[in-house]
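Below: the structure, in C-alpha cells.
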Amino acid sequence: MSRKDLATDLAELEQALQGTSGRQYWRSLDELAGTAAFQKLMRREFPQQADVWPDSLSRRHFLTLMGASLALAGLSGCSVKPAPMGKIVPYVQPPREIVAGEPLFFATAQPLPGGAVGLLVESHMGRPTKIEGNPDHPASGGATSIYHQASILTLYDPDRSQTVTYQGRTRAWTEALATLRTGLEKERDNGGAAVRILSEPILSPSLARQRERLLKSLPKAKWHVYEPLLQDARLEAMRLAFGQNLDCHYAFNKADVVLSLDADFLGSEPGNLRWIADFMSRRRIRTPASDSTQASMNRLYCIETEVTCTGAKADHRLAVRVQDIEGLARAIASKLGVSTAGSSGSAGPHEKWVAAVAKDLEAHRGRVLVLAGNRQPVAVHLLAHAINQHLGNVGQTVFYSRPVTEGPSPRIESLRELADDMRQDRVRLLIVLDANPVYSAPADIKFMDALERVPLRVHLGLYQDETARRCHWHLNEAHFLETWGDARAFDGTATLMQPLIEPLYRGRSAIELVAFLATLQETPGEELVRSRWRDHWNQQTRGPKTDDAFDAFWKTSLHDGVVAGTGFPIRNVALENDWQRHLEPQASASGASSRPGDESFELAFAPDPTVFDGSFANNGWLQECPKPSTTLTWDNAALMSPDTARQLGVELGEYAHGGEHGGFKMPVVELKVEDRSVLAPAWIVPGHADHSITVHFGYGRESAGRVGGQRDQKVGFNAYAMRTSSQPWFVPNVRVTKTDRTHLLACTQQHNLMENRDLVRSASLEKFRQKPDFASEPEKQKEIDETRRAPAPLEFYPPLEPPASTPKWGMVIDLTTCVGCKACVVACQAENNIPVVGKQQVAAGREMHWIRVDRYVGGTAEAPAEFHFQPVPCMHCERAPCEYVCPVEATVHSAEGLNDMVYNRCVGTRFCSNNCSYKVRRFNFFHYADFETGSLRLQYNPDVTVRSRGVMEKCSYCVQRIRHAQIDADREERPIADGEVVTACQAACPAGAIAFGDLSNSASEAAKWRSSPLNYALLEELGTRPRTTYLAAVRNPNPELEGG
Amino acid sequence: MKPESNTKPFGLMAEFETVDALFAATRRARLAGYRQMDAYTPYAVEGLAEELGERKTRIPMVVLIGGLVGAGAGFLMQYWSMAVDYPFNAGGRPLNSWPAYVPIAFEMMILVASFSAFLSMLFLNDLPRPHHPLFNVPQFARASQDRFFLCIEATDPLFDAERTLDFLSASESHIGVVEVPIELETAPKEAEASEQQPVTVMS
Amino acid sequence: MSPAASIKTAEVRQSETSGELRYVPVGHTFASVTEKIAELVLGRATRQAWFVVLAAGTVLLLMFSAVIVYLLAKGTGIWGINVPVGWCFAITSFVWWIGIGHAGTLISAILVLLHQKWRTSINRIAEAMTIFAVMCAGTFPLLHLGRPWFFFWLLPYPNTMKLWPQFRSALVWDVFAVSTYFSVSLMFWYMGMIPDFATLRDRAVQRRWQVVYGMLAMGWRNSARHWHRYQMAYLLLAGLATPLVISVHSVVSSDFAISLEPGWHETVFPPYFVAGALLSGFAMVIALAIPMRHYYGIEDFISVSHLEVMAKILLATSFFTSYGYFSEQFITWISGETYDKYVYLNILIGFRQYAAVTWITLCCVFIAPQLLWIKRFRRNEKVLFVVSVLVLAGMWMERYLLITTSLSRDFLPSSWGIFQPTVWDILTYVGSLGLFIVTFLLFCRFLPMISMCEMRGLLPGARGHEEGR
Amino acid sequence: MPQVFPRAMNILSRASLFGSLLVAALVLWICLVYTRSPYGTAAGVMRVQQVPFSHQHHVGVLGIDCRYCHTTVEHSSFAGIPPTKTCMNCHSQIWVGSEMLEPVRASYQSQKPLQWDRVNNLPGFVYFDHSIHVNKGIGCASCHGRIDEMPFTYQAKSLLMEWCLDCHRHPEREIRPRAEVFNMKYQQPANQLELGRQLMDEYHIANETTLTSCSVCHR
C-alpha cells in the first residue's frame, strides 16, 4: 500500500468524519463502515508487515490534541521540517469532563470465567487506551491479568464483526429485530416450547433478571448454559458433598500449608488474581538481615501433570499423569485418617512424599488448604472437601457461598439435552448468546449437525465465529467497554459497567437483546441496569427512597467500581454423612485405570495459558505473549517430558532463524483416540509428567480472524476435536505415533539451563535464616579478592556523579513472589505501543517485548529440581554498556538515572543491542508498527512515540508516566510522593513482585526492598551498576523431603 | 647558422643519453657559475638536486606543523563537543574521557599531515603547471621516458645566448643543444615542421 | 619480446642473479620498460577476456545495486540478523574488505621505508587494490544502518539539534579512521602516478588522451628539483601511512574490543586484527598478480621471485594471525572466566554450524599456508593461487565467527540465539565483489599498473654515476 | 609534441584545484543556512484561516486574556483551541451580521466544528507541555511572540531544537514573574539575569543537566 493512496484514504475518511464531536464521533465511524476508504483501512493485512517508506514517528499527532476530530497530521515523521501542518479541529460544544491532553479514568469490570474483575480504564479524548486494575475491587486489588490488558486490543480489533448479517449479507439491526419479533410472536401461543437460548454462565445480575422476564413471558422456553472449560466434576462433587450447588472460596493468606491437586491457582487464568495476591502475601520476605531467623513463609505442595505456574512456584512438586493424581489423593487422605471408601489409593513410588505431606498437613491443622483442580474426577474433589473439613480448615481457610453464576449451572448435560432437542426438531428458534459451541463442544455431542436442523438460528457475538457462520442471523455484540452492564466478582461483589465509548459498530449487549426478547421492544441498556439496581437499592436502603438518593448511590457505585455490600454471605455447610458412598472408584468420571507402573500414554487437556478457551484467539498481544512454561507463541503443541519424547523418537528439529531464541521445526505426532485423531507438533517440556501428553484448547480456529486463524490459514490445531463429554479432561490409552511431517514452532527461550551462572539466586528458608545475605555473597567475596589483589578500587575513570536533588529512579523485582503469569509483558505492550510482529518474526528472534520473563530450570532438563521465573526489563545501568557505544547519542543517561532511548535520533547501528549484557533492547528490523489499520491506531498511547522502521527501542521505566507525575508535582511545587509513579508492569503484577521508586528516598518502597539482604544485581560482576535489581528467590521446602 | 629568435628564449637545453653525462655537465655548469638551471630525468636521481644547488626542503617542517595542528584540532573538537557544548552522561563515563578521544585525534593528525605533505609538494614545485616553455621542445617528450636534459635558463645572470650555447655544446657526450622558446610564434602544426632540425653546433 | 620468451629468459637469469638484482626485470632498458608498460594503456587493443570479466563484474555490480534498493525499501530485516546477533554479514564483509586493503598500504608504505626493491613491481597494483577494497568496505557500514538516510549524523557538523557525534563510540572512530585511510591512500596512489601520467601524456598520440593524462600529470616535467621535493613528500607520506594502516585496523578491532561481550572484550584484538588484515591482503595481491602477469605478459616485471617473497610474507602473517587464535584460547582457559570459556568452547565444539566453520577456518588460515615452507610450492603459481584463495575465504569466515559466536552465546542463556544467513545476506556480499572487479579492471585498462619511473630507477645503469665516482 | 595546453591552463588548473574545495564548503554552508531559514522552519509565515481571526484585535485592542479561549493552558499539556461556543458567547450579540463570521455561525448551527490550520506544530516525537512552562514563569510571548500584534497569526520562533535548548540551558534569560506570564507587553527588566536566577530558586526550576536530558522532551 503506497503512502499516497493511504493518504487519500485517510483524507477521505477525514472528510466523512468531519463535523462530529465528542463521543458522537464514534457513531459516525459506524455509519462510515460502508465507505470504501474505511473498508480498505480496516481490511489491512495484520499483523503489519514491513512497509516501504513511511517513517512516521509522528502519527501520534492524530491521537493527541486533535481531540474529537480525525485530523490526520502529515505522514512524514522526523524527515523534513517544518513538521507537517495538519488541521486542528476544536469541539463545537465542549464536553464537560474532558480536558484536552489529559487522560481520564473510568471504573468498569470485565466478566470472565471465574468472576468479573474490576478495572479502571484510561481514556484519552474519548478513546480508551489502557486498562488498569481497580484497587477497590476484591477480585483485582489493582492487579490485572493478560486477558484484561489485552481486552483493549479486542475492542479495536478490525476483525470484530461490524454489522448484523443474514446468511453472510449485511443487514440492519431493525431487520434482525423484526425477524425475531415475528419469530417469537409465533412461539408465544405455545409458551415458547420450541425456543432455546444458549448462553455462557451468567455473571450479570441484570442479565439474570432479563432471563427471568423472558422465561416469564415464554414459560416453556429453555435456557441452556455452556462453558468450554467444563466443571461437571466440581459441581457434581458439590452436590454429592453438600447436597447443593456452592462456590468454594480460599483464604490463601491464612494458609500455612497448601496442597494443590492439579489446581493451577497461580496460573494466568482470569479469576486467579486475588488468589495469587493472597498466596504471595505469605511468601514476601521483608525481614532485615538482623532478625532473619524470624522470617516465615507458607509451604506449597503441588501434584500436577504439565508444568504450570503453580507447579513452578511449589516447594515440592510431583509430576504424574492426571489419572494418577486420584490415587495419590486417596493415599494422602487415608494417611490423614479420612475414610477413602473403595480404594485407599496407593502412592506407588511416592510413598515417602505422601507420608511427609500428610504429616505436614496434620501438623498445621486449621491452617491448611487443599484444593482440587477442574480436571480431576469427582472423587478427588470430594476428598479435598473431606480433608479440609477433617483438618478443620472450613471456616479458617476454606469458605462456601452460593454460586456466583445465576441461572442453571453449566453442566455438559445441559448442552447435550439441547443438542438432542435440536436433533429431534423440538427447536424452532435458537438464540446463542456469546457462546461458540460449534467450535468448542465435545466431539461426541456433534453439536454442529444438530444445529443445522434448527429453522431459525440467531447468534450474538463479538466475532463472526464458527457458530455465527452456521446461524442464519449474526448480531454484532457490543464490547464490554462499549456498553452498560454489571457483573459479579468471585465473591458476589457486583460492579456496574459503563461504556467508555459509543459502540464502534453499533453493537448491542446481551442484556439489551434478552430484554427485547422478553418485551419485544427496545430498551436502552442503561435503563435496564439502572432499574435492576434501583430495585436492589430499594430493598437495601433504610433512608428515603428518593431519586436523588438513588442517583447518589448510583454515582458512587459507578465511581468506586463496586456496589457496596453485594458480596455473598458465607454459608456454614457440612459434608453429607453418606458422602463416602460416592468415592467408589467407578464413580470417578475418569474411568481411568490408575494402576501404578502402567505405561500407557495419556492425553490431557488444558486451557491455553494465553488464548484461554479460544475466545481470545484473535488477539495479537495474547498470541505473541510467550506461554509461561514453554515460551511458545502463536501455536499450541503436544507437550511431553524429555523421557516421553525419547520414547517417541521426538527431538529438536532444524532451527529457525533465531535458533533457540526463535524456534524449531518440530516433528508432528498423531494423537489417536478411537476414531478421533489430530496432528500436533511435539514440544519437549522439562518437568512434564512422563507418559502424559498435554494439549491446549483455543487453537485451530476456523473463523477467528486474521490473527487467530481462518479456514484457509489455521493457527495451531483444535484440541476440542479430541474431547468427549465422558472424558472431558483426559483420555487414557491414547495412541501416539510420530509422523515424518514437521511444523515450525516459534518460541522465545528454548535454553532452559542456567549453565552454572548465578542468574537467579535462590535458597531455602532455612539457609536464609542462617545466612540472610547468601544472594549478595558472591560479589562480597569477589570484592574482597579484588581489593586484596589491587588495593585501589579497580576504576580506570573517575566516576561521573549525577547532579544532586533529582530522584534516582530504580526498580526491584522479587523473584520469590513472581509467578511468571506474563501480565507485565502484555501490560507493557499496551502501555508502550509495542507492535505485534507475527510468528515468522518471532521465529527469527525479533519479538519486541520490552519486558520478558526468563524461565530457568534448576538441576537437569531430565529431572528438574526447581523452576525459576525472572522478569527482565531494561536494567537502566548506571554504567550502561549500550550508551558509550552509540555513535549519535541516541541512548544516554538522564539526570534521574534513566537510560533514555531517543528514537528519533537513532540511526540503527544496533551496537547498543550487541553490547547490552542483558539483551533487553529491541530493534525495528521492519516497519512493524501498524499505522494503516485505522481502528488499531485509536488504541495507541498518545504519550509514547510510535516507533518506525530502523530504530532501537527498549523499556523506558514508563518515562511518560514519570514525566506526567513530575509535571503535576512541579506545578504544585512539591516533591513526587512515593508510589505516585507506577510503571505499567508494576501496576499489572498480581503478586506485587515489582517495586519502583526513588532510591534516593530511603522511605520509598523500592529503596526498602533494595536494602533487603536478598537484594542482588543481575551480572553485577560486569560493573554495569544496574538500577533494576532482584530479591533472591526463597523457597520453603519440607526438611523431611530435602535431598529426598 | 644561429637561431634567430625575436624574443628572449626561456633558456638553452642540452640533451644526454646517460645519467653520468648529465651529472658531468651539471657539475661543469655549476663550476662555470651557472645557477639558474635545472636538470630533467625520467626518474628520481639521487644527488642531482644537490649538484644543482638545492638545499634541504621545508616540507618536513610543514608536515610536522600540519600534524600537530590536526591532532590538536581533533582532540579539542571532541573535548569541546563532549564536555563543553552539550555534556551528556554516556555510560557513566567522565565528560573528558580522553583515552576515547585519542584515536580520532590520531587520525586527524595523519589526515592533516598527509595533506600538508602533498599540497606543500605541489606548492613548492609550483604545480599544477600544465603549460611550460620546456614543452615547446619536441625532444623534451623523452625527459619522461629515457633521456636526460640540462637546461640553463635565460634568467641566469651569466646567461648569454652565444656563450652559453657554446658552453653547453662543449659538454661531452651530449646529443644536442636546443634553444627553448618561451612562446611558439606559430601554431603547433607548422611549428612542428620548422623545429624538425634542432640547431646544433659542432665542436 | 614474446611473453613466452621473456618468462623463459626471466627464469634463467633469475636463477643466476642474486641479491636485490633478482627483482629487476631482465634485459630491459629505460625505453623498453617505458614502452612495455605505457603500451598496456595506450596501445594494445584490449583483448576479449578483459571484456568478458568486466561483463561478469558489471552483472554482479548491477545485482549489488538492486539488492541495495531492496534493502533501503524494506529494511535490514531482509538479512538474517536478530537480537542477540545484531551484526553479521555486513560487518563481517566490512572488516574483511578493510583488511584486504591493508596489504596495499603495507607494500607501498612500509616496504618503501624498508627499501624493499621488489615492491616496485607490485606496489601500484596493491595500492589500487587498497582503494577499491576500501570503497567496498565503506558501503557496508552505511548499508547496515537501520536508517541509512541519516548517516550524516555520524559526522560533526553544526546542526539544528546542537548535537555532535558521541566520540566515545568506536563507530565514530571508524568513520574517521576509514575516511582518513581512504583519502590518504588515494592521495598516496595518485602522487605515485604523477610522473607516469607525464610519461603517458608525452607518449599519447591522440589529443584526447594527451589532455586527460596531461591534466592528471599537472604539468609534471621531471625537473630534478621537483624530484627532490617529490621524493621527500613521498617518503613522508609513506611514514604517515605506516602508523595509519596499523591504527585503522586497530580501530576497527575496537568495534569489538571496547565492548563487554565475552569473546569481543579482548586486548589481543588490535595486533591480531592487523595481522589478519595483512594476511588476507597479501593473499589478495597474490591472487590478483598471478593471472595478471600472464594476461598482460609482464612475467618479467612480476617474476616468480616476487611471488616467492610474497609467499614468505603470507606464511609469516599466517603465523601471527594463528598466534592470535591460540593466545585467545589460552588466555581464556587460564583466566577461568565463565562467559569467555563458554564462548570459546562454543567456537571449538559449538552449537550447530559454528564449530564446523571454526575448523574449516583453521585449515584455510593456518594449515594451508604451511605448504609454503617448501620452496617448490612457493615458486609454484598454481599452489600459491589456491593457497591464497583459501586464505581469503578463511579470513572471511574467521571474521564471521568472531562476530557471531560471541553475540549468540553471551551472558544470559535465556536470550541465546543464533544467526542464519538469508539469501540477501549472501547477495549483498557477493555484490560487493562486483564493485571491486569492475573498478579494478578499469584501473588495469586506463592507468599504468606498474610504476614506470620507479622501475627505471631500478634498471642497471640507472645509478651509473655512483659506480662512476 | 609535449606542449598540450595553452598558458591560460596554469591559472585555470590552480583555480579549479582550490575552487573545488571552496564550492564544497559553500554548498554545506547553504544547507545549514537553509534549514534555519523560514523556508526550513516556517517561522513568520502568515496563514490565512477560513475565519480571519485577529489576535491583534482580540488581545491587543480588546485586551481579552489568553486563558479566556485557551482554557487548559495552565493545567494541561495542550493549551486548548476554543470551541465554537466560546466564539458565540460574544458573537451571538455583537457582529451578528458580519459575514466574516459566517463560518462560525454555520458551525454553531450545523454542529460541524471549525477547522483551523495548525500554526505552531512540533514533530510527533516532541512532547511539549504548556502547563509546566506557564507555571514556571515562561511567558506566552517568549515562544509565541507578540501575539497581540498579529492580525494574522504566524509561528514566531523557529521551534528548532537548538532554539528550545537555548532556553533550557539558560532559563534565567526568559523567566518572568508568574503574574506577568500572560502579559504580552511585558518588558524584561535591566537586571533580568539576576531576577531570573532569583525566580529559578523561587520556582524550584531544575538544573541544566535535568532540563537538557533527552527524556524531558522525547519519549
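Reminder, nothing fancy here: chain letters follow the sequence lines and each chain counts from 1.
- The part of C:P165 that comes within reach of chain B is its backbone (N, CA, C, O), which places non-hydrogen atoms under 4.5 angstrom from that chain.
- Taking C:M191, C:E35, C:H226, C:R203 one by one and counting their heavy-atom pairs under 4.5 Å with chain B, the maximum is reached by C:H226.
- For C:Y190, the part sitting under 4.5 Å from any heavy atom of chain B is the side chain, from C-beta outward, and nothing else.
- Among residues 212-219 of chain C, the residues having any heavy atom closer than 4.5 Å to a heavy atom of chain B are, in sequence order, C:M218, C:G219.
- Between C:D202 and B:S144, the side chains place a donor N or O and an acceptor N or O closer than 3.5 Å (distance only, hydrogens not considered).
- For the side-chain contact (heavy atoms from CB on, under 4.5 Å) test, residues two or more places apart in sequence or in another chain that qualify with C:S254 are C:A170, C:W173, C:V251, C:I258.
- When the candidates B:R58, B:E54, B:M108 are compared by the number of heavy-atom contacts under 4.5 Å with chain C, B:E54 comes out ahead.
- Most heavy-atom pairs under 4.5 Å with chain C: of the set B:M109, B:H131, B:M77, B:R142, this distinction falls to B:M77.
- Partners of B:E15 by salt bridge (Lys or Arg N to Asp or Glu O under 4.0 Å), not counting sequence neighbours, listed by chain and number: B:R147.
- Of the two parts of C:L240, the backbone and the side chain both hold a non-hydrogen atom closer than 4.5 Å to a non-hydrogen atom of chain B.
- For the residue pair C:S247 / B:E107, a side-chain donor-acceptor distance below 3.5 Å is found, with atom types taken as modelled.
- Defined by atom type and a distance below 3.5 Å, a donor-acceptor pair is present between the side-chain atoms of B:R129 and B:H132.
- Near-neighbour residues of residues 178-187 of chain C relative to chain B, defined by a heavy atom under 4.5 Å from a heavy atom of that chain, comprise C:T180, C:S183, C:V184, C:M187.
- With a 4.5 angstrom heavy-atom cutoff, C:Q166 touches chain B via backbone and side-chain atoms both.
- Residues C:R119 and C:S108 bring no donor and acceptor atom of their side chains to less than 3.5 Å of each other.
- Looking at C:S223 and B:D38, their side chains do bring a donor and an acceptor atom within 3.5 Å of each other.
- Among the candidates B:V62, B:N125, B:D146, the residue making the largest number of heavy-atom pairs closer than 4.5 Å to chain C is B:N125.
- The most heavy-atom pairs under 4.5 Å with chain B, out of C:S169, C:S250, C:A224, C:C453, come from C:A224.
- Neither the backbone nor the side chain of C:V33 comes within contact range of chain B; no heavy atom of the residue lies under 4.5 Å from a heavy atom of that chain.
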